[in-house]
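Labels below follow one simple rule: chain letters A, B, ... track the order of the sequence lines, proteins then strands, and each chain is numbered from 1. All heavy atoms count here, side chains included; hydrogens, waters and symmetry mates do not.
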There are 2 protein chains.
Amino acid sequence: VLPTDPRRLVILTEGQFGIHHAKTAIGVIRYGDDEIVAILDSSVQEANLSAFLPQFDVPFVATLEEALAQPVRPNALLIGIAPTGGRLPESWRAIILAAIEAGLDVHSGLHQFLGDDADFAYAAASAGTRIIDYRRSPERMETAVGRRHLPGKRVILTVGTDCAIGKMSVALELVAAARRAGDNAVMVPTGQTGMMIEGWGVAVDRVISDFTNGTVEWLVEQGEHRADWVLVEGQGSIDHPAYSSVTLGLIHGATPHALILVHKPGQTEHDFEHLPDASFPIAELGPFIELHERIAGLVAPSEVVALAMNTSLYPDDADARRVIGEIEAETGLPADDPVRFGPDRLWAQVRERVDALPWVTGA
Amino acid sequence: VLPTDPRRLVILTEGQFGIHHAKTAIGVIRYGDDEIVAILDSSVQEANLSAFLPQFDVPFVATLEEALAQPVRPNALLIGIAPTGGRLPESWRAIILAAIEAGLDVHSGLHQFLGDDADFAYAAASAGTRIIDYRRSPERMETAVGRRHLPGKRVILTVGTDCAIGKMSVALELVAAARRAGDNAVMVPTGQTGMMIEGWGVAVDRVISDFTNGTVEWLVEQGEHRADWVLVEGQGSIDHPAYSSVTLGLIHGATPHALILVHKPGQTEHDFEHLPDASFPIAELGPFIELHERIAGLVAPSEVVALAMNTSLYPDDADARRVIGEIEAETGLPADDPVRFGPDRLWAQVRERVDALPWVTGA
């Protein structure tokens with residue numbers, strides 16, 4: 001059970017704010033309900049997050065002392081990175097220990113459980129604070145059983161042409177749009193950042209692999225009990241050399257009625273820490289869409305109903321809109337950048353297409 | 001590190017010998033080097049395993065006392081089942097405790113670790129015996145890095161149209177055939193039964209899902225250090241509603257030069273404990289072969305070079321040979337039942353086809 005009391009967060013990204021590993025920090029800042037007191041990263045020259053994201057007013061601080069001296073006193077330290085392999089940078093130990101001793105809870109999504117670390121656990125017990133490891137799996141160890149969706153529910157999974165390009169953000173934006181349109185919608189968090197934002201879920205990449213499909217199947221059922229439109233946060237990509245098995249567990253475990261393919265135009269290579277002489281290009285969209293439908297269809301029919309673009313490599317709005325138009329023409333599917341240009345139009349198109357799917361209307 | 005001293009085994013299948021969950025027992029009996037003292041299963045009416053498998057002379061016993069009274073004194077109890085979910089049947093606790101108290105080691109491939117059970121651990125410490133949980137994962141937690149195969153190595157993965165139809169047996173038979181032909185070959189064990197037989201490996205379905213591809217990548221490298229022809233034991237099937245994610249982790253982690261598709265003609269539905277109203281048919285061979293090559297090719301090129309049949313649903317040899325011929329004609333690929341009719345012919349065909357693959361000759 002995850003804590004739900006309000007958090008006043010210091011987000012720790014020390015030395016790593018500038019790289020995509022800080023996606024946990026950005027996700028929680030952008031979509032969470034928490035008060036963000038400061039971002040602790042001495043490597044950042046700018047004084048405020050607004051230098052990067054104009055809509056957010058969050059100071060950068062170089063030391064824990066500075067964070068504690070802010071007008072609002074923080075009550076929790078959130079580990080703001082999601083590095084490959086999920087290990088704690090050794091240089092962060094002293095900061096975390098000091099934060100615990102200052103009475104802060106620690107929220108972490110690392111594979112390396114901070115609550116199992118003797119030093120951290122002893123310090124937390126002494127200080128009366130909590131360490132919450134979001135990636136800790138539920139005790140449940142069950143394989144998939146071929147569950148059908150509950151009547152009237154629509155399940156949509158975000159998939160992608162790469163990892164770390166916005167599958168969670170797209171799901172969150174579309175849920176927000178759905179709610180504005182009067183639809184009863186929920187996101188099913190499948191990763192630590194989504195869990196930190198929504199306060200429930202399972203970090204599917206931490207589950208014992210035999211139970212990946214089964215855990216997703218069960219988690220989606222929890223989503224169906226919460227809402228009618230169930231947007232499942234995707235992970236990785238089906239062609240990712242390191243993470244594809246988790247992606248397939250989501251596709252076959254969720255048995256989504258529809259898929260939304262998240263794509264970052266302009267990116268040519270998969271983004272992960274691979275050997276220097278290896279090359280793993282991003283797939284071509286048309287065949288990749290068809291392949292997703294075929295692979296999903298091995299267990300239950302599904303269709304890619306839209307593309308959600310991450311146009312961050314096109315700083316100029318007009319360029320971004322042109323690229324979106326090109327991809328709509330190329331694929332024959334609705335496409336947009338819901339984070340940049342708003343999700344309402346895309347949600348209306350997704351909703352209409354999902355409701356017209358034969359396996360939805362017949363359900 | 002797994003123990004390698006000779007074992008004199010009592011294999012426990014109590015109440016479950018007749019179902020495929022006892023595949024661990026059959027695998028160890030068929031392919032292991034251990035002396036099999038007895039199979040402990042009071043539900044079996046026959047006196048000897050030879051009633052089912054004529055080539056094996058192993059008595060069935062109804063109690064542990066009977067097993068201990070055999071002419072050869074056993075020194076280990078092996079849990080002979082691989083049930084869905086991997087939990088210990090509660091009724092077996094007393095038998096296992098008694099075996100430990102009688103001085104036997106316990107070898108288990110269950111997800112539920114017997115060595116972590118307080119009662120078993122205390123009994124083993126008192127009796128000076130060992131509990132070996134084969135499914136315990138290595139401490140290594142690494143994602144895949146896009147490793148290339150070592151020069152001159154050929155990596156072949158067995159895949160299947162279902163789980164529990166013989167992917168391990170096919171790999172073991174082909175390794176035996178390869179060695180008879182003078183080829184330097186090894187099987188890479190990826191499941192608990194293969195590990196019990198070969199004395200090394202990793203139960204890939206126990207790994208944290210984020211590390212599935214990476215663990216397989218590393219495990220195959222260990223195989224390449226052991227031999228030139230590396231036959232990787234497959235798991236599950238790419239269209240299995242419960243286990244597909246593990247299967248894809250093997251395909252993308254091993255990046256095999258070639259695939260051998262294991263198929264059980266006559267079986268129409270996937271075999272797992274699914275809800276009664278669900279139906280998951282076995283795939284059609286032609287498209288399924290093409291799909292495997294396409295999915296593998298997302299990371300590295302691969303080709304299905306042969307079909308290995310499990311013809312156990314055709315008791316008559318002539319029927320079985322006819323079905324094999326039909327499938328050869330249907331797919332245009334070499335096919336045989338290597339367990340039933342011997343693997344030498346199939347190995348020669350596999351070997352030739354693998355050596356002719358452009359990504360092998362060019363390596």
Heavy-atom pairs under 4.5 Å with chain A are the metric here; pick the option from [options] that has the most.
| options | result |
| --- | --- |
| B:T212, B:V207, B:L250 | B:V207 |
| B:G249, B:P241, B:G85, B:A278 | B:P241 |
| B:V299, B:D277, B:L291 | B:L291 |
| B:E290, B:E217, B:H240 | B:E290 |
| B:E142, B:Q112, B:H111 | B:H111 |
| B:V216, B:V204, B:I238 | B:I238 |

Problem - Side chain to side chain, A:H274 and B:R147, heavy atoms closer than 4.5 Å - result: no
Handout entry: Heavy-atom side-chain contact between B:T143 and A:Y243 under 4.5 Å
Key = yes
Hey, which of [options] has the most heavy atom pairs under 4.5 Å with chain B?
| options | result |
| --- | --- |
| A:G86, A:G236, A:S244 | A:S244 |
| A:S279, A:G146, A:A203 | A:G146 |
| A:T247, A:T255, A:I295, A:L298 | A:L298 |

Exercise for the section: Select one option (side chain, backbone, both, neither) describing which atoms of B:R135 are under 4.5 Å from chain A's heavy atoms. Expected result: side chain
Which answer fits [X], side chain, backbone, both or neither, if we ask what part of it has an atom under 4.5 Å from a heavy atom of chain B?
| X | result |
| --- | --- |
| A:F280 | side chain |
| A:P287 | both |
| A:I251 | neither |

Practice task
Please check if any side-chain donor atom of A:S245 sits under 3.5 Å from a side-chain acceptor atom of B:N213, or the reverse.
Solution key: yes
Handout entry: Pairs where residues 155-164 of chain A contributes a residue and the test side-chain hydrogen bond (donor to acceptor under 3.5 Å, both in side chains) is met, not counting sequence neighbours
Key = A:T161-A:H263, A:D162-A:Q267, A:D162-A:H270
Problem - A:S209 (side chain) donor-acceptor with B:D205 (main chain) under 3.5 angstrom - result: yes
Problem - Minimum heavy-atom distance between A:R87 and B:M141, given as atom pair plus value - result: NH1-O, 3.0 Å
